[in-house]
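Lettering follows sequence order; numbering is per chain, from 1. All figures in this text were calculated on a predicted structure; none of them were measured in a lab.
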Protein chains: 2
Amino acid sequence: MGVTKSEMFTQAQNELAVLAKALGHPARIAIIEYLLKVNACICGDIVGELPLAQPTVSQHLKELKNAGLIKGNIEGTAICYCIDEEGFGKIKSFFDYVQNTLTEKKEKCC
Amino acid sequence: MGVTKSEMFTQAQNELAVLAKALGHPARIAIIEYLLKVNACICGDIVGELPLAQPTVSQHLKELKNAGLIKGNIEGTAICYCIDEEGFGKIKSFFDYVQNTLTEKKEKCC
DNA sequence: TTATTATATTGCAATATTACGATAAAAGAA
DNA sequence: TTCTTTTATCGTAATATTGCAATATAATAA
């Protein structure tokens, strides 16, 4: 079917999946890393940084934005992108929870 | 084309993307949460916990295993699954890096 | 006004993912 | 041995994703 049965899972599970999925492509990891490297906003040079055509980069940016991982502000002719800390905070909480739970209980068997 | 140009990105970027992608489905988030909740290994009751058919669950488990997020050991008739701390460690490092970089440099503009 | 520049959208082909019924495989029980 | 239980694999249909050329849009410059 190719269609995820989202309605069978909780909203929290779906939100986490959306955030993780948005990072599930090397181009989008590269975008995030670049935004972190140059810090603050990037106005216009993201396309030149990636080995992909402009429409493809635009599409990846849109997915990151829809997921809530980056923000974009119009800045004259260009657009200003930067990390959205709220989205990253949500997914980071999940990994913190995983690690805390793992170190807390130590009766592993595998 | 539907084919990711993995070879255009670094190995580290691809590894992170694979880990994130594996978590990019609510069923797989649910599996991880369940493994954490019951702690240690689960031998046999994962299918009953999810609103999906057995072959579908088996497929999701395989993807988590391939990505390095869970481990599976044969235990008689059943199979014993548990969290793979190594894979989670890798992806958690990325989010730690993101947060550290964000709090360090504070010249945001968005 | 007409360029020019930067980004988004459309349309499409190639490929990947999701889901599940049917079936297979593997191990223990009878 | 046959039966039962548990998990994996195969095959297939429906849908989603990736990538890009072509085009559209929006803002500024000339």
Novice: Output all residues satisfying salt bridge (charged side-chain N to carboxylate O under 4.0 Å, His left out) with K90(A), sequence neighbours left out; order by chain, then residue number.
Specialist: none
Novice: Checking D96(A) now: which residues fulfil side-chain hydrogen bond (donor to acceptor under 3.5 Å, both in side chains) with it, not counting sequence neighbours?
Specialist: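 Checked D96(A) against side-chain hydrogen bond (donor to acceptor under 3.5 Å, both in side chains); matches are K92(A), K92(B).
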Novice: Quick one: I79(B) CD1 to dA25(C) P, roughly how many Å, whole number?
Specialist: 16 Å
Novice: Anything under 3.5 Å between a donor and an acceptor, one on a side chain of residues 52-63 of chain A, the other on a protein residue two or more places apart or in another chain? List them.
Specialist:
from	atom 1	to	atom 2	distance (Å)
H60(A)	ND1	R28(A)	NH1	2.9
E63(A)	OE1	R28(A)	NH1	3.2

Novice: Indicate yes or no for a side-chain donor-acceptor contact from N14(B) to the backbone of S6(B) under 3.5 Å, with no hydrogens or angles considered.
Specialist: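 Yes, N14(B) side chain to S6(B) backbone: donor-acceptor pair under 3.5 Å.
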Novice: Go through residues 23-31 of chain A and report each residue with a non-hydrogen atom lying under 4.0 Å from DNA chain D, sorted by number.
Specialist: H25(A), R28(A)
Novice: Round to a whole Å and report the spacing from CD of E7(B) to P of dT18(D).
Specialist: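 That distance rounds to 15 Å.
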Novice: Would you indicate which nucleotide in dT15(C), dA19(C), dA8(C) comes nearest to any side-chain atom of V3(B)?
Specialist: dT15(C)
Novice: Between Y81(A) and dA8(C), is there a side-chain N or O to OP1/OP2 distance below 4.0 Å?
Specialist: yes
Novice: Calculate the interatomic distance between D45(B) atom CG and dT5(D) atom P; express it in whole Å.
Specialist: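 Whole-Å distance recorded here is 16 Å.
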Novice: Are any of K21(B)'s side-chain N or O atoms less than 4.0 Å away from OP1 or OP2 of dT17(D)?
Specialist: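 Indeed not, no polar side-chain atom of K21(B) lies that close.
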Novice: Below 4.0 angstrom, which residues in residues 52-70 of chain A have at least one non-hydrogen atom near DNA chain C?
Specialist: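 Contacts with DNA chain C under 4.0 Å: Q54(A), P55(A), S58(A), K62(A).
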Novice: Kindly write out the residues that satisfy side-chain hydrogen bond (donor to acceptor under 3.5 Å, both in side chains) with T10(A), not counting sequence neighbours, or none if the list is empty.
Specialist: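 For T10(A) the side-chain hydrogen bond (donor to acceptor under 3.5 Å, both in side chains) partners, ignoring immediate neighbours, are Q13(A).
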Novice: I need the CG-P distance between L50(A) and dA6(C), as an integer number of Å.
Specialist: 16 Å
Novice: Near E86(B) CD, under 6.0 Å, is it more than 12 heavy atoms from other residues, nucleotides or ligands?
Specialist: no
Novice: Cut-off 3.5 Å, no hydrogens considered: what does the side-chain donor-acceptor table look like for residues 15-25 of chain A, sequence neighbours left out?
Specialist:
from	atom 1	to	atom 2	distance (Å)
E15(A)	OE2	Q11(A)	NE2	3.2
H25(A)	ND1	A27(A)	N	3.0
H25(A)	NE2	T4(B)	OG1	3.4

Novice: For E49(B), check side-chain contact (heavy atoms from CB on, under 4.5 Å) against everything at least two apart and list the hits.
Specialist: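 Here the qualifying residues are Y34(B).
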